There are 2 protein chains.
Amino acid sequence: MRSVTIRDVAARAGVSVATASRVLSGHPATSPASRANVDAAVAELGYRPDARARSLRKTRTGTIGILVSDVRNPFFAEIAYAVERRALQAGMATVVCNADESVDQQDRYLDLLVEQRVDAMVIAPQGDGSGTLREVLGLGIPVVFVDRTLADGSDGSDGSDGSDGSGDVSVPSITSDNRTGLREAVEHLVALGHRRVGLIAGPQETSTGRERLRAYREAAAAGDLDPDPALVAQGDFQHASGVAGARRLLDLDDPPTAIIGADSPMTLGALEVLRERGVRVGEDVSLVGYDDLAAFSLVTPALTVVAHDPARMGALAADAVRDLLAGRPASSAVLPAHLVVRGSTGPARRPA
Amino acid sequence: MRSVTIRDVAARAGVSVATASRVLSGHPATSPASRANVDAAVAELGYRPDARARSLRKTRTGTIGILVSDVRNPFFAEIAYAVERRALQAGMATVVCNADESVDQQDRYLDLLVEQRVDAMVIAPQGDGSGTLREVLGLGIPVVFVDRTLADGSDGSDGSDGSDGSGDVSVPSITSDNRTGLREAVEHLVALGHRRVGLIAGPQETSTGRERLRAYREAAAAGDLDPDPALVAQGDFQHASGVAGARRLLDLDDPPTAIIGADSPMTLGALEVLRERGVRVGEDVSLVGYDDLAAFSLVTPALTVVAHDPARMGALAADAVRDLLAGRPASSAVLPAHLVVRGSTGPARRPA
DNA sequence: CCACCTCGTGGAACCGTTTCCATGGAAACG
DNA sequence: CGTTTCCATGGAAACGGTTCCACGAGGTGG
C-alpha cells in the first residue's frame, strides 16, 4: 500500500508534477483548468502531501520545539499550551518535550529537536549552559528562553570564575520576577512575626531555583531572620522532594514557624506532610506556595502564594519566536510576580 | 551559514558518502580506519544528521503523535507524560497536540500528524468518527485510542441509526471503566439518602461523556432517584462549564442535594461556585469529583472522587503502539475505576 | 508585421539521507 | 597458483516534494 505522491496526482490530473505542485502550494501562475483538475485528483486519490519532503526542499519545517521540564506541572502545561496555541495561529506546529528536570534528558531532546530541524525552540533551560545546550545555541537556530535563563536575573556577583560562559550568546528570555515575589513573601512573614522561615528550594541548576533562593536569603537578612542554613531544604521542583523537604524542616530540633515552597508541586507535597502530621496550616505553621493554581484557592485555609502568569509567558515567548523568525529582534520581558495573601499565613506561634 | 551535510563529513574524512552513512548508522561493514576518520570529521564539523532526509529514505520517522483534548487537564497531562516517557525508552519521539475539545482543531492536528508521517498515533478522540478522523483511520497508520473511543463502551442500544459508521475499523483502545465508577458514585449517594443528584455532564461528542451520563441515568433509575432532566447540566469538560453547570443546578427551584462532576476541571469549577456561595460541601451539598488529583485530597473536606489511573493508561497505550509497530496485534484494555469516599459526601440534608 | 512581454507549462535539478549494486583487493581454499 | 568467498568501498538511484529555467502561445504597442 504505497502512499500516493504528487506524481500520482499529476498523472491523474493530466498535468506535470511542477504544475501540480504549484496548484497545491497556491502559486498564482496556474490556470483555472489545472486547478480544477488537480483539486479533483487530490480528492479522488486522497492525496496527503509529505511535510518532510516539502521541508527538505524549502528551508523551513513550520515546526517549533518547546522543551519544558515537566508537563505534569500545571505551570509548564499552561506555558506549553499557550505557546502551542499561539504558534498554531501562525500556522506552525509545536513539538512538546519533557526534560523531566534532568540535564541528560534535556540534552537528548535538544539533539532530537535539532535533528528534526525545527525552525525555532522555546526552552526552559537547566544546567550551566555547557554541553549540548551550548552547542545548540551556537547553531544559529532561533531560541527563546521561557521562565528560566542561564545567567541569573539582575546583578550577578555570584559568577563563579568571571568567564561565566553563558552570556556570550544572547538569547531573548521571557521570565518572571522571582526576586520580588519571594521578597514579598518573606516580608509578609516577617511582618507576621516569623523569625525562622523555612524554604524548600528549587534545584540550583536552574535560574529560578537560584534566584528564589538568593531572594530568600537577601530578604531574610534584611528582615533579620534566623540565618540558620538548616532552614533551607534542597528540592528539585518535583512533588517528592517537597514531601521530603517538609519532613526534614519539621523534624528540626527547632522547626520553622513558616515554610515557603519554591514551586507548586513541592508546595503540594509540603501541604500533604502538614496535613498528615495534623499541623494546622496558618496557625501552627504558615505556608506560602508558588504559582497560583486554581486548587490553591480551594484548600482550607486557602494558600498564600506568589502568583505569576504562565499563560502570558507562553504567549510572549511565542511572539518572540515569531519576531526572531521574521528577522526582527525579539524583546525579552520580565513579568511581574506578586504575593497573594490568603489564609495559610498567620501570626507566628511562639515556639513551644 | 549552510548547515553541514553528510557530504561535507565524507569529504573531510576522505571517504565516500556511502561509507560515511554506513559509519553513522552503525552498519557493520566498515573498517576501523573509516570509522575513526568519519567520527573525527563529525566532531570537527559539528555534523547533525537531518532526521527528515533520513526518514524520507527509510520508511519510518521514529515519531509518534499523541492527540489529547487539553494538556492543561492534569489527567491528560499525565497520559501524555506516560506515553512520551515510554516512547522515549523505545527511542521514539513524541509530538503532543491539543485538540482543545474542538473537533475542528482535532481535524487540523490529524492532518498535521499525517503530513508529518508519524509512525503511529495515540488519540483521545471526539466526534462521531466521521470526517477527517475516519479518513485517517482508513490510511493504515497504526492508531490507539486512549481514554475515549468512538463506539460506546458495553452494549449500545443507543446507536442512532443502525449504520453507526465507527465500528468498521478496529482500533485498539485503552480506556477506563466509566460505568462502574459513576454507578458506585450514585449508589453511594443513594445510600446517604440523596434523591436529587445533579450531574455536570461531559460533552456527548465523547464516549466518556456519553458513558458517564448513561451510567448516571441507569444508576439513578435503579436507585429510584428523581429523574428530573433539569438535574443534568451539559458541560464540555472544561473549567468554565463546571462553573456554569454548578450555578444552573444550584439555581433550580428545587436544587440537588448532591452534585457529581464528570471530570476534574468541571469539578474544580463547581467547587469554586459552592465556596463562593458559602455552601458547606459535604453538609449542605455533597460533591463527587472525577479523577483523583493530588489537590482533591487537600481541599477541606477532602473530595470523594471516582479514581482511575492515567499513568497506567498512557503506558499501556504506548505498549499497544509498540505492538502495532512490531506487527503484533495490540490488545485493548479497560482499566478499573472505583469510588474513593472522603469527606465531601455526607447524608442528604432535608430540603428546606 | 515584428519585437516584446506575460503567462501557463513541463523538464530537470536539488534538498540530505539510505541502500542497491558493482568493483577491486585480500584472504581462504582447493 | 588459480579460483572462490568475503568485505570494505564508491557511484548512483531512490525518497517526495519545490523551484529554476526554457519554451511556446497569445496579447500588446510601435
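The chains referred to below are lettered A, B, ... by the order of the sequence lines, with proteins before strands, and numbering in each begins at 1. The structure displayed is predicted, hence computed values, not measured ones.
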K.L.:
Cut-off 3.5 Å, side chains only: do B:Ser69 and B:Arg148 have a donor facing an acceptor?
P.N.:
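A pair is found: one side chain offers a donor N or O, the other an acceptor, under 3.5 Å apart.
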K.L.:
Please determine, for the side chain of A:Ser31, which listed nucleotide (C:dG16, C:dG8, D:dG17) has the closest atom?
P.N.:
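Nearest to the side-chain atoms of A:Ser31, counting from C-beta on, is C:dG8.
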K.L.:
Measure distances between side-chain N and O atoms of A:Arg22 and base N and O atoms of C:dG10, and say whether any donor-acceptor pair falls under 3.5 Å.
P.N.:
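Counting by modelled atom types and ignoring angles, a donor-acceptor contact under 3.5 Å is found here.
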K.L.:
Among the nucleotides C:dT19, D:dG17, D:dT18, which one has an atom lying closest to any side-chain atom of B:Arg57?
P.N.:
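The answer is C:dT19.
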K.L.:
Between P on D:dT9 and CG on B:Asn37, what's the gap in Å once rounded to a whole number?
P.N.:
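It is 9 Å, rounded to the nearest whole Å.
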K.L.:
With a non-hydrogen cut-off below 4.0 angstrom, is A:Val17 in contact with a base, only sugar-phosphate, or nothing?
P.N.:
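Base contact.
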K.L.:
On the side chain of A:Arg54, is there an atom forming a donor-acceptor pair with the base of D:dG16 - under 3.5 Å, no angle test?
P.N.:
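Per atom types, no contact qualifies.
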K.L.:
How close or far is atom P of D:dC15 from atom CD of B:Glu115, stated in whole angstroms?
P.N.:
20 Å
K.L.:
Among D:dG17, C:dG11, D:dT18, which is the nearest nucleotide to the side chain of A:Tyr47?
P.N.:
D:dG17
K.L.:
DNA chain D: A:Ser25 or B:Ala33, which has the more 5' nearest nucleotide?
P.N.:
B:Ala33
K.L.:
Can you tell me if B:Ser16 touches the phosphate of D:dG10, counting only side-chain N or O atoms and a distance under 4.0 Å to OP1 or OP2?
P.N.:
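Yes, because at least one side-chain N or O of B:Ser16 sits under 4.0 Å from OP1 or OP2 of D:dG10.
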K.L.:
What's the CD1-P distance between B:Ile6 and C:dT17, to the nearest Å?
P.N.:
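Roughly 6 Å, once rounded to whole Å.
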K.L.:
Among side-chain atoms of A:Tyr81 and B:Asp100, is any donor-acceptor pair under 3.5 angstrom?
P.N.:
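Yes, because at least one side-chain N or O of A:Tyr81 sits under 3.5 Å from a partner of the opposite role on B:Asp100.
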K.L.:
Send over the distance from A:Leu56 CG to C:dC14 P, rounded to a whole Å.
P.N.:
14 Å
K.L.:
Check this for me: does any side-chain nitrogen of one of A:Arg134 and A:Asp128 sit under 4.0 Å from a carboxylate oxygen of the other?
P.N.:
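Salt bridge flag = no for A:Asp128 with A:Arg134.
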K.L.:
Whether the A:Ser55 and B:Arg52 side chains hold a donor-acceptor pair (N or O, under 3.5 Å, no angle test) is what I'd like checked.
P.N.:
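Checked: A:Ser55/B:Arg52 side chains pair up, N/O donor to acceptor below 3.5 Å.
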K.L.:
If you define the side chain from C-beta out and look only at heavy atoms, does anything of B:Arg322 sit under 4.5 Å from B:Arg328?
P.N.:
yes
K.L.:
Please report the distance, rounded to the nearest Å, between CG in A:Asp8 and P in D:dG16.
P.N.:
9 Å
K.L.:
Answer with yes or no whether the side chains of B:Arg117 and B:Thr61 bring together a donor and an acceptor at under 3.5 Å.
P.N.:
no
K.L.:
Rounded to the Å, how far apart are A:His27 NE2 and D:dT18 C1'?
P.N.:
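So the two atoms are 10 Å apart, to the nearest Å.
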K.L.:
Check every strand shown and say whether A:Arg7 touches a base, only sugar-phosphate, or nothing at a heavy-atom separation below 4.0 Å.
P.N.:
base
K.L.:
Quick one: label B:Arg60 by what it contacts on the DNA or RNA (base, sugar-phosphate, nothing), any heavy atom closer than 4.0 Å.
P.N.:
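The residue B:Arg60 makes no contact with any strand.
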K.L.:
Counting side-chain heavy atoms from CB outward, which of D:dT9, C:dG16, D:dT19 is closest to A:Ser21?
P.N.:
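Closest nucleotide to the A:Ser21 side chain: D:dT19.
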K.L.:
Between D:dG17, D:dC21, D:dT9, which one does the side chain of B:Ser34 approach most closely?
P.N.:
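Of all the options, the side chain of B:Ser34 is nearest to D:dT9.
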K.L.:
Picking from C:dA12, C:dT18, D:dA12, which would you name as closest to the side chain of B:Ala18?
P.N.:
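Nearest to the side chain of B:Ala18 among the choices is D:dA12.
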K.L.:
For A:Arg117 and C:dT17, what is the distance between atoms CZ and P respectively, to the nearest whole Å?
P.N.:
7 Å
K.L.:
Can you check the B:Arg48 CZ to C:dC15 P distance for me, whole Å?
P.N.:
22 Å
K.L.:
May I ask which nucleotide in the shown strands pairs with C:dC29, Watson-Crick or G-U wobble, both distances under 3.5 Å?
P.N.:
D:dG2
K.L.:
Does A:Thr19 have a side-chain nitrogen or oxygen under 4.0 Å from the phosphate oxygens OP1 or OP2 of C:dG10?
P.N.:
yes
